[in-house]
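Heads up, the thing below is written out as structure tokens.
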Amino acid sequence: MRENITRKVFLRQAAGFGALLAGTSLVTVGAPPSTASPSSAEPPAALEWTRTIEAWCDLLVPGAADHGVVDFVTTQLAKKPDDALLGIRYFDWPPPWAGFYQAGANALDAASRARFGVPFVMSSG
């Protein structure tokens, strides 16, 4: 790995590997997917990790944040698994999926903090 990795290269790598890191960390430690329901104490849109999801999606598809990607994801997480339109549904990952998305966002944020000393939402803007 190069020592002088640029922010742009990091963001591209993080965008591609953020979810993969989350899935790997969940599987390797043997922890089951989160059983937290999106309808817990706080509505999902108010959760901090959704800001990271929004920034990540906006990096992948500029304009995604302006077009409500977080509303889409949180709405889909609140649906019955058979009715959800999230891509994870097709990878045989057992629901509920909020924990997977949260772990992915947290892994992406942790990588940004480790490399740049700031949360992903600050490094991607």
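Note: hydrogens, waters and symmetry copies are ignored here, and every other heavy atom, side chains too, is used.
The two residues Leu77 and Ala98 make their nearest non-hydrogen contact at CD2-N, 3.7 Å. Nearest heavy-atom pair across Trp97 and Trp93 is NE1-O, 2.7 Å.
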request  = Decide yes or no on side chain to side chain contact (heavy atoms under 4.5 Å, CB included) for Ile53 and Phe120, but give the supporting numbers first.
outcome  = CA-CA 10 Å; Ile53 293 287; Phe120 182 78; over 6 Å; no
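The CH2 atom of Trp56 sits 7.5 Å away from the OH atom of Tyr101 when rounded to the nearest 0.5 Å. Taken from NZ in Lys79 to CG in Leu85, the straight-line distance is 5.5 Å, to the nearest 0.5 Å. Taking CZ of Arg89 as the start and CG of Asp83 as the end, the distance is 7.5 Å to the nearest 0.5 Å. Here Thr52 contributes atom OG1 and Asp109 contributes atom CG; the two are 4.5 Å apart, rounded to the nearest 0.5 Å.
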Exercise answer: donor-acceptor pairs, residues 57-65 side-chain atoms, under 3.5 Å, sequence neighbours excluded:
| from | atom 1 | to | atom 2 | distance (Å) |
| --- | --- | --- | --- | --- |
| Asp58 | OD1 | Gly63 | N | 2.9 |
| Asp58 | OD1 | Ala64 | N | 3.0 |
| Asp58 | OD1 | Ala65 | N | 3.0 |

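Here the side chain of Arg51 pairs no donor or acceptor atom with the backbone of Val121 at under 3.5 angstrom.
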